[in-house]
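So the structure is just underneath, and the comments pick up after that.
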Amino acid sequence: MKMDEFGRDLPEPAPDGYRNPSLAADAACVRTVDGRKQILLITRAMEPSKGRLALPGGFVDYNEDPEDAAIRELLEECGISGTVIGVVCVRGNPERDPRKHVVTIVYLVDSEDEPTAGDDAAEAAWFDLEECLRLPFEQWAFDHHEVVKMVRDKVSQ
């Protein structure tokens with residue numbers, strides 16, 4: 001199989017001749033407790049980035065709206081429901097995921113429920129937003145450290 005410029009297997013073009021990136025959706029849930037912002041994070045249970053912190057999220061299924069995918073992934077990985085209230089950012093650097101080129105839409109989601117880890121999450125918990133951003137970059141999956149900074153900036157406005 002051919003390789004892309006980042007050393008990953010290059011997928012064959014689709015029947016229409018195009019080779020497109022995959023689409024993912026992430027849920028950024030933020031709440032305030034005792035005047036401090038908290039963010040819901042998972043610890044990934046599988047590779048890539050096993051054992052690292054990430055926002056709940058995953059791939060958008062065919063014929064699925066990305067907003068619905070973010071809410072579905074939140075339920076699958078954390079056992080809670082939520083409501084999309086906005087978009088934080090769209091990330092698409094071809095190197096952000098070691099598996100393949102993945103573009104993600106990060107949604108700000110309203111939910112204050114207590115999570116229970118499920119699906120591909122080893123753990124799911126609320127973290128102090130400022131404290132978790134001080135964790136070393138190596139403890140984060142993909143580009144989620146940068147994404148969580150964007151979430152902080154969005155909810156501080």
Side-chain angles (χ1 to χ4, degrees), residues 4 6 8-9 11 20-33 37-157:
D4 70 11
F6 306 109
R8 302 173 298 203
D9 289 337
N20 299 321
S22 292
L23 181 61
D26 295 318
C29 299
V30 178
R31 69 181 185 181
T32 304
V33 175
K37 298 275 190 218
Q38 294 181 338
I39 189 163
L40 180 63
L41 298 173
I42 65 166
T43 302
R44 288 184 52 84
M46 57 202 306
E47 294 296 348
S49 300
K50 182 177 181 179
R52 294 182 180 194
L53 294 173
L55 294 169
F59 291 107
V60 177
D61 292 334
Y62 189 78
N63 281 335
E64 182 179 36
D65 185 288
E67 286 187 17
D68 295 337
I71 299 303
R72 173 182 52 78
E73 289 287 345
L74 180 62
L75 183 60
E76 289 175 3
E77 294 183 351
C78 299
I80 62 176
S81 58
T83 304
V84 171
I85 57 174
V87 174
V88 175
C89 62
V90 177
R91 303 284 290 190
N93 183 321
E95 293 183 276
R96 65 179 300 276
D97 190 311
R99 297 169 290 189
K100 57 186 172 179
H101 184 184
V102 177
V103 175
T104 191
I105 304 168
V106 181
Y107 292 98
L108 191 58
V109 175
D110 183 37
S111 181
E112 295 194 10
D113 297 339
E114 290 304 320
T116 304
D119 198 23
D120 62 348
E123 297 177 33
W126 290 98
F127 288 77
D128 182 278
L129 184 54
E130 292 301 326
E131 287 178 16
C132 76
L133 284 171
R134 289 194 285 272
L135 294 172
F137 178 78
E138 296 77 25
Q139 290 185 9
W140 293 86
F142 313 112
D143 59 354
H144 286 206
H145 185 265
E146 289 298 316
V147 171
V148 171
K149 284 182 187 176
M150 292 176 178
V151 171
R152 178 197 57 199
D153 295 344
K154 181 92 169 177
V155 300
S156 297
Q157 296 175 353

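- A salt bridge links E64 with R72: at least one charged nitrogen is closer than 4.0 Å to a carboxylate oxygen.
- Remark: the backbone N or O of E138 is paired with a side-chain donor or acceptor of R52 at under 3.5 angstrom.
- The heavy-atom pair separating E77 from L55 by the smallest distance is OE1-O, 4.4 Å.
- Each of V87, V84, V155 was checked for a side-chain contact (heavy atoms from CB on, under 4.5 Å) with L108, and the lone residue meeting it is V155.
- Counting heavy atoms from C-beta outward, I71 and Y107 have side chains that stay 4.5 Å or more apart.
- Heavy atoms from other residues, nucleotides or ligands lying under 6.0 Å from CD of E76 number more than 12.
- Between E73 and P56, the closest side-chain pair of non-hydrogen atoms is not below 4.5 Å.
- Between V109 and A27 the shortest heavy-atom distance is CG2-CB, 3.8 Å.
- Between E47 and K50 there is no salt bridge, since no side-chain nitrogen of the basic residue lies less than 4.0 Å from a carboxylate oxygen of the acidic one.
- We find the CG-CZ distance between D97 and R8 to be 7.5 Å, quoted to the nearest 0.5 Å.
- Between S111 and L40, every side-chain heavy-atom pair lies at or beyond the 4.5 Å cut-off.
- Put simply, the side chain of I105 reaches to within 4.5 Å of the side chain of L23, judged on heavy atoms.
- F142 is listed as a side-chain neighbour of P48, based on a closest heavy-atom distance under 4.5 Å.
- The shortest distance between side-chain heavy atoms of F127 and L53 falls below 4.5 Å.
- Closest of all the heavy-atom pairs between A117 and A124 is CB-N, 3.8 Å.
- Of all the heavy atoms in G92 and V103, the pair that sits closest is CA-CG2, 4.0 Å.
- Residues V60 and A24 approach most closely at CG2-C, 3.9 Å, considering heavy atoms.
- Proximity of a side-chain donor or acceptor of H145 to a complementary backbone N or O of L133 within less than 3.5 Å is detected.
- The side-chain heavy atoms of N93 and D143, taken from C-beta on, include no pair separated by under 4.5 Å.
- With W140 contributing its side chain and S49 its backbone, the two residues share no donor-acceptor pair below 3.5 Å.
- For the atom pair OG1 of T104 and CG of D26, the computed distance is 3.5 Å after rounding to the nearest 0.5 Å.
- The existence of a salt bridge linking R152 and E131 is excluded, since no basic side-chain nitrogen approaches an acidic carboxylate oxygen closer than 4.0 Å.
- For the pair R44/D120, a side-chain contact is recorded, criterion being any heavy-atom separation below 4.5 Å from C-beta on.
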